[in-house]
Number of protein chains: 2
Amino acid sequence: MPLGAPHERSDAARNRERLLNAARDLVAEFGAEALTMDALACKAKVGKGTVFRRFGSRAGLMMTLLSDSESEFQAGFMFGRPPLGPGAAPRDRLVAFGEGRIYFVLENGELLKAAGAATRNRFDVPATKLSHRHMEVLLREAGIADPWVMAMSLTYALDPERIVDDVRVRGISPTRLADSWRELITRLVDPA
Amino acid sequence: MPLGAPHERSDAARNRERLLNAARDLVAEFGAEALTMDALACKAKVGKGTVFRRFGSRAGLMMTLLSDSESEFQAGFMFGRPPLGPGAAPRDRLVAFGEGRIYFVLENGELLKAAGAATRNRFDVPATKLSHRHMEVLLREAGIADPWVMAMSLTYALDPERIVDDVRVRGISPTRLADSWRELITRLVDPA
DNA sequence: ATACTAAACGGACTATGGTCCGCTTTCTAT
DNA sequence: ATAGAAAGCGGACCATAGTCCGTTTAGTAT
């Protein structure tokens, strides 16, 4: 896939397929949290070293598993229709972004938590960087003095762990989260 | 210490001292991140089981190590002088709280990260609950519609990992963080 | 076909947080 | 002092992410 891809070896390709299938099966059956790298290697009939060569870490595996739905969500706010996509006022786009994110997280919560878990990965996740940048741009348009830092605050406010725990552990409804996000953005951004 | 404390046994007290001293030494010398429970047990000349009996987990140990400075910070916003303590407008107290928190985190960052690390502990930390509640009260006074949820958003915006990484990894100055926090609160809370 | 090379493989090994449970010590009641 | 009970102790043991390195194998050049 990368540009200089020097011809993926056939055995490598075969093992990648096996691993991805095994991983999806395991996640479907036992949930992402319960997936261990040993179990995955075993189920895919592959050595443990191979798993780590392929994905680098447990978090890397989770990111790979997420990439499809993540791309879809990204396409939504980058190229989709307003108010999520381009064409609406920054404030409305931010509101829509947060709402979309909340529901996206609730659908893929386990995977996202596991993906961000490995310390130092929280912000190295490319998808997170992209979301941050997206918010940064909108905040700048909206006249925020330090959009980069503000986007970081908002990124953490939308942290997967936070959202999942609010809903599943602390019993807050998604709607309530979305309403509060709207209030936050509405007050933060001048009506323009 | 707790009310029904049924007389702490002398050997237990002795070991607690040993462990606390050893832990402080290790943190001072190698940093909190590098502290392993095995090393601690060994240095304190105590069995590993004893370490876990005493503190429950690595996160528990870190919390214990933090408790002094944490209490001090808490006293500041609960009983201190305005604008951090009672007597100032909610908006000003929130601004001061965030600033104080930022500098507190930068002083105790490693410990705080380690304390919150153990998944499911992030919000079970009593100190975090107290901070959350404090902000909730101020936000309610300030006329926020859903102060509980908003306080949660702000709690995550002040996440130790976020603050430490912004400053130490991404090179944002503490001042810049504090300014952005001020902007956030100022816009969020009506000037009242 | 053959030989060569770099990639890929696999599983033993390490590091570390946390658990378990039989043994020891302290305290208390007599 | 003594005995009994409860608290405490310790370190072997477990689970799991991640590393290492000697061996195998897929492509390639001749």
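FYI, side chains are in, hydrogens and waters are out, and symmetry mates aren't considered; it's all heavy atoms of this structure. A, B, ... follow the sequence lines: proteins, then strands. Residue 1 opens every chain.
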- Item | Any Ser10(A) side-chain nitrogen or oxygen under 4.0 Å from OP1 or OP2 of dG27(D) | yes

- Mind calculating the distance between CZ (Arg54(B)) and P (dG18(C)) to the nearest angstrom? 17 Å

- Where the side chain of Phe52(B) is defined as all heavy atoms beyond and including C-beta, which of dG17(C), dG10(D), dC9(D) is the nearest nucleotide? dG17(C)

- Item | Candidates dT16(D), dC9(C), dG10(D) - which lies nearest the side chain of Val46(B) | dG10(D)

- Side-chain donor/acceptor of His132(A) to backbone N/O of Trp148(A), under 3.5 Å: yes

- If you look at every strand shown and take non-hydrogen atoms under 4.0 Å, does Leu61(B) touch a base, only sugar-phosphate, or nothing? nothing

- Task: Could you check whether the rings of Phe97(A) and Phe77(A) sit parallel, tilted or perpendicular, using 30° and 60° as the cut-offs?
- Result: perpendicular

- Expressed in angstrom and rounded to an integer, what is the separation of Glu33(A) atom CD from dT16(D) atom P? 13 Å

- Task: Could you check whether Arg58(A) gets within reach of a base, just the sugar-phosphate, or nothing at all, counting any heavy atom under 4.0 Å?
- Result: sugar-phosphate

- Task: Kindly say whether, by distance alone, the side chain of Lys48(A) makes a donor-acceptor pair under 3.5 Å with the base of dA17(D)?
- Result: yes

- Task: For Arg16(B), report the nucleic acid contact type (base, sugar-phosphate, nothing); a contact means any heavy atom under 4.0 Å.
- Result: nothing

- Message: Taking Glu99(A) first and then Arg182(A), would you say they form a salt bridge - that is, a charged N and a carboxylate O separated by under 4.0 Å?
- Response: yes

- Query: Which part of the nucleic acid does Thr50(B) contact within heavy-atom distance under 4.0 Å: base, sugar-phosphate only, or nothing?
  - Reply: base

- Task: Look at Glu136(A) together with Arg133(A) and state whether they make a salt bridge at an N to O cut-off of under 4.0 Å.
- Result: yes

- Task: Give the rounded distance in Å between these two atoms: NZ of Lys43(B) and C1' of dT16(C).
- Result: 19 Å

- Using a heavy-atom cut-off of under 4.0 Å over every strand shown, decide if Leu35(A) touches base, sugar-phosphate, or nothing. sugar-phosphate

- Item | Atom-to-atom span, CG of Leu40(A) to P of dG18(D) - whole angstrom | 13 Å

- Using whole Å, report how far CZ of Arg53(B) lies from P of dC20(C). 13 Å

- Interatomic distance, Asp38(B) CG vs dG11(D) C1' [rounded to whole Å]: 10 Å

- Whole-Å distance, Arg14(B) CZ to dG8(D) P, equals 13 Å

- Message: Donor-acceptor pair, distance only, cut-off 3.5 Å: does the side chain of Arg93(A) make one with the backbone of Ala88(A)?
- Response: no

- Whole Å only: how far is the CZ atom of Phe55(A) from the C1' atom of dA17(D)? 15 Å

- Item | Below 4.0 Å: OP1/OP2 of dC9(D) and any side-chain N or O of Asn15(B) | yes

- Note on the structure: Taking for Lys45(A) and for Asp11(B) the nucleotide of DNA chain C with the nearest heavy atom, the one nearer the 5' end belongs to Lys45(A)

- Message: Of the options dG17(C), dG18(D), dG10(D), whose atoms approach the side-chain atoms of Met37(B) most closely?
- Response: dG17(C)

- dA7(C) base / Arg9(A) side chain donor-acceptor hit below 3.5 Å: yes

- Task: Output yes when Lys43(A) and Asp38(A) qualify as a salt bridge under the 4.0 Å nitrogen-oxygen rule, no when they do not.
- Result: no

- Could you work out which one of dG17(C), dT16(D), dG18(D) sits closest to the side chain of Thr36(B)? dG17(C)

